[in-house]
Amino acid sequence: MQNRLTIKDIARLSGVGKSTVSRVLNNESGVSQRTRERVEAVMDQNSFSPSRSARAMRGQSDKVVAIIVTRLDSLSENLAVQTMLPVFYEQGYDPIMMESKFSAQMVEEHLGMLQRRNIDGVVLFGFTGIDETTLGPWQPSLVLLARDAAGFASVCYDDEGAIITLMQRLYDSGHRHISYLGVPHSDVTTGQRRHDAYLAFCKQHALPVVASLPGLSMKQGYEQVASVLTPQTTALVCATDTLALGASKYLQEQRIDSLQLASVGNTPLMKFLHPEIITVDPGYADSGRQAAAQLIEQINGRSEPRQIVIPATLS
Ligand SMILES: O=P(O)(O)OC[C@H]1O[C@H](O[C@H]2O[C@H](CO)[C@@H](O)[C@H](O)[C@H]2O)[C@H](O)[C@@H](O)[C@@H]1O
C-alpha cells in the first residue's frame, strides 16, 4: 500500500497539531467529534495509513484481518466464513467481522477505518455496484469473494456451471417443463449469470421458458413461486437454497407434491429440512479456506493476487 504522507502532513492539511492526529489514530478521547471527522476525512482522501509501512519495514504487524460480509444472516457466506476462521487462527491472525448490507458506501467507510487501524488484510464479499476505485489502496492485501475485479485477488463460484448442472440432471430424468425462480439482473452473478445459463439451456434443448426473478429472500421465493407454475410444470430450479426454502413452504401449504425442486447451495439447513431437493454445491466451504490462505500468502509477500474459480458439484 502506498503511504507517502506523514502524520505531520495530515496535521497540516487538517489544521490541527500532530498530537491531535495521534489521538484520532489511537481512538483516544480529548478530540471533538467535528475535529475527529475532519482529520479522518483528510486521512481517507489521502489513503493514509500511519504506521503500516513503518511496521512492514520492521517486519511487524498486528496480525489482524477483517472479513466484510454482505449479510450476517446469509447461509452461503456463513459457510465460507466458518472455514476461513480456522485458517486465520492457525496462522496467528485475529479476524474481525463487519457487514456491508450490499452498500458500496459502507464498504468505503469500513475500509477507511480498517486502514487507520493498521489492519493487515481484508476478505471482502463483493457485490455488483461496489466501487473498485475504493479498493485500489488495498489491492496487495485484499481478497474478493464471490466477485472478481481486474487486478485483484478473488475467489468466485461457477454460476453458469451450477445452473447447467442442475438443468442437465433434470433433463436427463425426463423433465421438459422446468421453471426458474431467480434474482434480478442488477445482481450480475447470482442474478444475471444464473438466469442466462437457464435461458441458454432452454434454448439449446428447445424447452419453454417460464421464469421470475424476485430477489434473494426466502419471502420472495414463497410469494413468487406461484407465478412460475403452469399446468405442465414438472420441475423448478431455484437460483439459491434460500429461494427454494421459501418456494417449498408455499408448495407444502398448497399440498403440491408432484414438483421436483432443485437449487444452488447444498446448505446444511436445506439438506436437513429437504433432502428430497436436488442441490448443487457451489463450494462455499472451499471458497472460505482458499480466500483465507490466499490472503495470508499475499500479506506475507509470497503470492501475487490470483483469481480462483471454484467448480460446482452435484451433491
Ligand atoms: O441466501 P444465501 O445463502 O445468502 O445465498 C444467496 C447467494 O449469496 C451469495 O451471493 C450474494 O452475495 C454475494 C456476496 O457474497 C454477491 O456477490 C452476490 O451478488 C449476491 O447475490 C452467493 O455468492 C451465492 O452463491 C448465493 O446463492
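All figures in this text were calculated on a predicted structure; none of them were measured in a lab. When a ligand or atom number is given, it counts from 1 through the structure's own listing order.
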Can you give the donor-acceptor pairs under 3.5 Å from side chains of residues 163-171 to other protein atoms, not counting sequence neighbours?
residue : atom : partner : partner atom : Å
Thr165  : OG1  : Gly161  : O            : 2.6
Gln168  : NE2  : Asp172  : OD1          : 3.0
Arg169  : NH1  : Ser173  : OG           : 2.9

Report all side-chain donor-acceptor pairs from residues 304-315 shorter than 3.5 Å, counting only partners two or more places apart or in another chain.
residue : atom : partner : partner atom : Å
Arg306  : NE   : Gln294  : OE1          : 3.1
Arg306  : NH2  : Gln294  : OE1          : 3.4
Gln307  : NE2  : Ala149  : O            : 3.1
Gln307  : NE2  : Phe152  : O            : 3.2
Ser315  : OG   : Asn266  : OD1          : 3.2
Ser315  : OG   : Thr279  : O            : 2.9
Ser315  : OG   : Thr279  : OG1          : 2.8

So, taking the atom named CG in Leu216 and the one named OG1 in Thr242, what distance separates them when rounded to the nearest 0.5 Å?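 One gets 8.0 Å once the value is rounded to the nearest 0.5 Å.
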Take Arg71 and Glu77, measure what salt bridge (charged side-chain N to carboxylate O under 4.0 Å, His left out) needs, and give me the verdict at the end. CA-CA 8 Å; Arg71 300 146 292 151; Glu77 293 185 22; 3.1 Å; yes
What does the N/O contact table under 3.5 Å look like for ligand 1?
residue  : atom   : partner : partner atom : Å
ligand 1 : 1 (O)  : Thr242  : OG1          : 2.6
ligand 1 : 3 (O)  : Leu75   : N            : 3.2
ligand 1 : 3 (O)  : Ser76   : N            : 2.9
ligand 1 : 3 (O)  : Ser76   : OG           : 3.4
ligand 1 : 4 (O)  : Arg71   : NH1          : 2.8
ligand 1 : 4 (O)  : Arg71   : NH2          : 3.2
ligand 1 : 4 (O)  : Ser74   : OG           : 2.6
ligand 1 : 4 (O)  : Ser76   : OG           : 3.4
ligand 1 : 5 (O)  : Ser76   : OG           : 3.2
ligand 1 : 8 (O)  : Arg71   : NH2          : 3.3
ligand 1 : 8 (O)  : Ser76   : OG           : 3.2
ligand 1 : 10 (O) : Thr190  : OG1          : 3.2
ligand 1 : 12 (O) : Arg71   : NH2          : 3.3
ligand 1 : 15 (O) : Glu77   : OE2          : 2.7
ligand 1 : 17 (O) : Gly126  : O            : 2.5
ligand 1 : 19 (O) : Asp187  : OD1          : 2.9
ligand 1 : 19 (O) : Asp187  : OD2          : 3.1
ligand 1 : 19 (O) : Thr189  : OG1          : 3.3
ligand 1 : 21 (O) : Asp187  : OD2          : 2.5
ligand 1 : 21 (O) : Thr190  : OG1          : 2.7
ligand 1 : 25 (O) : Arg194  : NH2          : 2.7
ligand 1 : 25 (O) : Tyr284  : OH           : 2.7
ligand 1 : 27 (O) : Arg194  : NH1          : 2.9
ligand 1 : 27 (O) : Tyr284  : OH           : 3.3

Quick one: list whatever passes ring pair (Phe, Tyr, Trp, His ring centres under 6.0 Å) with Phe102, sequence neighbours left out.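 Phe102 satisfies ring pair (Phe, Tyr, Trp, His ring centres under 6.0 Å) with Phe127 once adjacent residues are dropped.
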Only one of Val81, Val107, Ile68 forms a side-chain contact (heavy atoms from CB on, under 4.5 Å) with Phe125, so which one is it?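 Between Phe125 and the candidates, side-chain contact (heavy atoms from CB on, under 4.5 Å) is satisfied uniquely by Val81.
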